[in-house]
Enquirer: 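The structure follows.
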Amino acid sequence: MRTYIIKSLFKHPFTFSITIRSQTTSAQYVASRARDATFEKLMDKYKNFVKVIAIQDLILSNPNKTPPCISLDFLSKLSQKLHLNRGAPSFLRKYPHIFHIFYDPAKSQAFCRLTDTALEISRKEEEAVNASLPLVVDRLVRLLFMSTSKSLPLRAVFKVWRELGLPDDFEDSVIVKNPNLFRLCDGNEPRTHVLKLVGEFPDNHFTAAVENWRVTECCREDCSVDRMDIRYSFKHVYPPGMRLSKTFRAKVKEWQSLPYLGPYEDLMEKKKKTKAGLKGLEKRAVAIVHEFLSLTVEKMVEVEKISHFRNCFGIDMNIRDLFLDHPGMFYLSTKGKRHTVFLREAYERGRLIDPNPVYDVRRKLLILFFWGAMIC
């Protein structure tokens, strides 16, 4: 059993809004969160879309075949790993706009390939990723710069290569081609590698996404606050219908004014384990995961994936709890037997407010997926 903060408005935990603590399990803590219908509806379909993407990647990993394809026998062996509960053929037939099953008489086997439309979308995504390589390099540099050692395990980067919009050959197309920025070194364990940042950057070289929001907020015509008043604030967006008491709002305001070290500032020494010191470290951790999500293509990531960076970022607390503790900034969904977190401020009605070319192309595949789902 662990100690969790559980009392809050509408079952929303908030770190500094409560003095009463209770013993509860991690599962109960997750279950106690308030649901957001918009994100839940999106994830209800997305849980199977993730499987579609996994199969698509397997097909495209066979470039020697024209068009790229994969045998149903091989895919069936991966059914359990891919969570294809009713088997590979049944799953593929659900999405005829994406997958095409055909029989090769020469090999006496059934194969699966992408439809012409889906294959064209994958090519356009590759083009969009390649066109945004300077931005991709910047994302990777920023990720490394947030690390306390300016390095990351390569396997952790592999976990989020798609989320960061990296090319599937990023070791060659990004790391090797930028020796002035990156270096691959052997890790402490056999057959492991560490990606190190070797480029030199002056102080205040990087600006966090939240800083840009603060500037924009102060420049609004109807802005009634001074920039100094929001210099430590984050944007909070609550779901429609959620009522916040005066006490809750007061505690949010207190947290918003709390000073902290930004994600690109060096943490020179450990904060003393005082109440104020722990609050500052917690807010820095929130700032880091907020920036991490801001760097992703779709402003969302599986909690399990981002957890691989916890120690590298110097975060001593449970990352999932950070998301649950700040419901105005993050939304945690548990659909599809995986925990996925969204950056609330980036979304409106289930779509990105400020889309990018890679996201736009991926959404075309999502639309194809929805068509298949509606037919079935």
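Computed from a predicted structure; not experimentally measured. Start at 1 with the first residue, then count along the sequence.
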Enquirer: Can you tell me if E211 uses its side chain to pair, donor with acceptor, with the backbone of A208 under 3.5 Å?
Expert: no
Enquirer: Treat each ILVMFWY residue as a node, draw an edge where side-chain heavy atoms are under 4.5 Å apart, and state whether V141 and V194 are in one component.
Expert: no
Enquirer: Does K335 offer a backbone N or O that forms a donor-acceptor pair with the side chain of D44 under 3.5 Å?
Expert: no
Enquirer: With distance as the sole test, does D169 use its side chain to make a donor-acceptor pair with the main-chain N or O of D172 at under 3.5 Å?
Expert: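 Not confirmed, D169 side chain does not pair with D172 backbone.
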Enquirer: Count the heavy atoms belonging to other residues, nucleotides or ligands that lie under 6.0 Å from CZ of F74, then report whether that count exceeds 12.
Expert: no
Enquirer: Would you please name every residue forming a ring-ring contact (aromatic ring centres under 6.0 Å, His included) with Y347, sequence neighbours left out?
Expert: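 Result, ring-ring contact (aromatic ring centres under 6.0 Å, His included) vs Y347: F39, F342.
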Enquirer: If you group Ile, Leu, Val, Met, Phe, Trp and Tyr by side-chain heavy-atom gaps below 4.5 Å, do L154 and V198 land in one group?
Expert: no
Enquirer: Would you say that K283 contacts Y232 through its side chain, given a criterion of any heavy-atom pair below 4.5 Å between the two side chains?
Expert: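 Yes - at least one pair of side-chain heavy atoms lies under 4.5 Å apart.
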Enquirer: How close do P167 and L133 get, counting heavy atoms only, and between which atoms?
Expert: CG-CD2, 3.6 Å
Enquirer: How long is the span from the CG atom in L195 to the NZ atom in K150, to the nearest 0.5 Å?
Expert: 13.5 Å
Enquirer: Please determine if K159 and E302 form a salt bridge, counting it only when a charged side-chain N lies under 4.0 Å from a carboxylate O.
Expert: no
Enquirer: Please find the pair of heavy atoms, one from C69 and one from F111, that lie closest to each other, and give the distance.
Expert: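 Closest heavy-atom pair between C69 and F111: SG-CD2, 3.9 Å.
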Enquirer: With side-chain contact (heavy atoms from CB on, under 4.5 Å) as the test, pick out the partner of Y95 among L368, N48, T115.
Expert: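 With Y95 as partner, side-chain contact (heavy atoms from CB on, under 4.5 Å) holds for just one option, N48.
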Enquirer: Going by an N to O cut-off under 4.0 Å, is there a salt bridge joining R123 and E126?
Expert: no
Enquirer: Going from OG on S333 to CG on D36, what distance comes out if it is rounded to the nearest 0.5 angstrom?
Expert: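 Going from the OG atom of S333 to the CG atom of D36 covers 10.0 Å.
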Enquirer: Could you tell me the separation between the CD1 atom of I288 and the CD1 atom of I319, rounded to the nearest 0.5 Å?
Expert: 9.0 Å
Enquirer: Using every non-hydrogen atom in the two residues, find where M146 and L295 come nearest and quote the distance to one decimal.
Expert: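 Here M146 and L295 meet closest at CE-CD1, 4.1 Å.
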Enquirer: Using the ring-ring contact (aromatic ring centres under 6.0 Å, His included) criterion, which residues pair with H205? Sequence neighbours excluded.
Expert: F201
Enquirer: Mind running side chain to side chain contact (heavy atoms under 4.5 Å, CB included) on E125 and L365 for me, showing each step along the way?
Expert: CA-CA 10 Å; E125 180 180 347; L365 185 66; 5.8 Å; no
Enquirer: For the pair V136 and L164, evaluate side chain to side chain contact (heavy atoms under 4.5 Å, CB included) and give the outcome as yes or no after the intermediate values.
Expert: CA-CA 7 Å; V136 166; L164 293 173; over 6 Å; no
Enquirer: If two hydrophobic side chains count as joined below 4.5 Å and joins carry through other members, does V289 share a cluster with V237?
Expert: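 Shared cluster, no.
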Enquirer: Given the rule that I, L, V, M, F, W and Y join up when any side-chain heavy atoms are under 4.5 Å apart, are W161 and V176 in one cluster?
Expert: no
Enquirer: Strictly by salt bridge (Lys or Arg N to Asp or Glu O under 4.0 Å), give each pair with a member in residues 48-63 just once, sequence neighbours left out.
Expert: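 The answer is none; no pair qualifies.
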Enquirer: E120 vs K364, test: salt bridge (Lys or Arg N to Asp or Glu O under 4.0 Å). Steps then yes/no.
Expert: CA-CA 10 Å; E120 181 61 22; K364 291 179 181 179; over 6 Å; no
Enquirer: Looking at K251 and E254, does any basic side-chain N land under 4.0 Å from a carboxylate oxygen?
Expert: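 Here K251 pairs with E254 in a salt bridge, since their nearest N and O are under 4.0 Å apart.
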Enquirer: Side-chain contact, heavy-atom cut-off 4.5 Å: R162 with K305?
Expert: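 No; the side chains remain at least 4.5 Å from each other.
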Enquirer: If you take all heavy atoms of M300 and T340, which pair is closest and at what distance?
Expert: CE-CG2, 3.7 Å
Enquirer: Tell me the closest heavy-atom pair linking P67 and L119, and the distance in Å.
Expert: CB-CD2, 4.4 Å
Enquirer: Mind checking whether F248 and R243 have side chains closer than 4.5 Å, heavy atoms only?
Expert: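 When only atoms from C-beta onward are counted, R243 and F248 do not touch, as no gap falls below 4.5 Å.
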Enquirer: Take L78 and L58 through the test side chain to side chain contact (heavy atoms under 4.5 Å, CB included) and record every step on the way to the result.
Expert: CA-CA 11 Å; L78 298 175; L58 283 172; 3.8 Å; yes
Enquirer: Measure the CG-CZ distance between L197 and R183 for me, rounded to the nearest 0.5 Å.
Expert: 10.0 Å
Enquirer: Can you list every pair that meets ring-ring contact (aromatic ring centres under 6.0 Å, His included) and has a residue in residues 167-190, with sequence neighbours left out?
Expert: F158-F170
Enquirer: Stepwise, does the side chain to side chain contact (heavy atoms under 4.5 Å, CB included) test hold for I306 with V160?
Expert: CA-CA 8 Å; I306 193 173; V160 293; over 6 Å; no
Enquirer: Could I get the full list of ring-ring contact (aromatic ring centres under 6.0 Å, His included) partners for F309, not counting sequence neighbours?
Expert: F292, F313
Enquirer: Is any side-chain heavy atom of L92 closer than 4.5 Å to one of I55?
Expert: yes
Enquirer: Shortest non-hydrogen contact from Y359 to P355?
Expert: CD2-CB, 3.6 Å
Enquirer: Which of these passes side-chain hydrogen bond (donor to acceptor under 3.5 Å, both in side chains) with H236: R344, H326, Q256?
Expert: Q256
Enquirer: Considering only heavy atoms from C-beta outward, does the side chain of C112 approach that of P89 to under 4.5 Å?
Expert: no
Enquirer: Any ion pair linking R139 and E163 (charged N to carboxylate O, less than 4.0 Å)?
Expert: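 No, no charged N to carboxylate O under 4.0 Å.
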Enquirer: Rounded to the nearest 0.5 Å, what separation is found between the OH atom of Y264 and the CG atom of N204?
Expert: 13.0 Å
Enquirer: Do the side chains of L60 and F49 join up, straight or via other hydrophobic residues, at under 4.5 Å, putting them in one cluster?
Expert: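 They do share one cluster, since a chain of ILVMFWY contacts under 4.5 Å joins L60 to F49.
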Enquirer: Does N180 CG have over 12 foreign heavy atoms under 6.0 Å away?
Expert: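 Buried by this count: over 12 neighbours within 6.0 Å.
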Enquirer: If only atom types and distance count, is the side chain of N178 paired as donor or acceptor with the main-chain N or O of V174 below 3.5 Å?
Expert: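 Yes, the answer is positive, given that a donor and an acceptor are paired below the 3.5 Å cut-off.
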Enquirer: Would you call R142 and D138 a salt bridge, taking side-chain N to carboxylate O under 4.0 Å as the test?
Expert: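 So R142 pairs with D138 through a salt bridge.
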Enquirer: Do the side chain of R113 and the main chain of I59 share a donor and acceptor less than 3.5 angstrom apart?
Expert: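 Not confirmed, R113 side chain does not pair with I59 backbone.
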Enquirer: So does R363 have more than 12 non-hydrogen atoms from other groups sitting under 6.0 Å from CZ?
Expert: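 Result for CZ/R363: enclosed.
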Enquirer: Within the 4.5 Å heavy-atom criterion, are Q56 and I98 side-chain neighbours or not?
Expert: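 Side-chain contact under 4.5 Å: no.
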Enquirer: So how far is it from K235 NZ to L343 CG, rounded to the nearest 0.5 Å?
Expert: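 Between atom NZ of K235 and atom CG of L343 there are 9.5 Å.
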Enquirer: I'd like to check the ring-ring contact (aromatic ring centres under 6.0 Å, His included) partners of F234; sequence neighbours left out, ordered by chain and number.
Expert: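 Applying ring-ring contact (aromatic ring centres under 6.0 Å, His included) to F234 gives W255, Y260, H290.
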Enquirer: Can you confirm whether L322 sits close enough to E282 that some side-chain heavy atom of one is under 4.5 Å from a side-chain heavy atom of the other?
Expert: yes
Enquirer: Indicate yes or no: at least one non-hydrogen side-chain atom of L114 is less than 4.5 angstrom from one of I121.
Expert: no
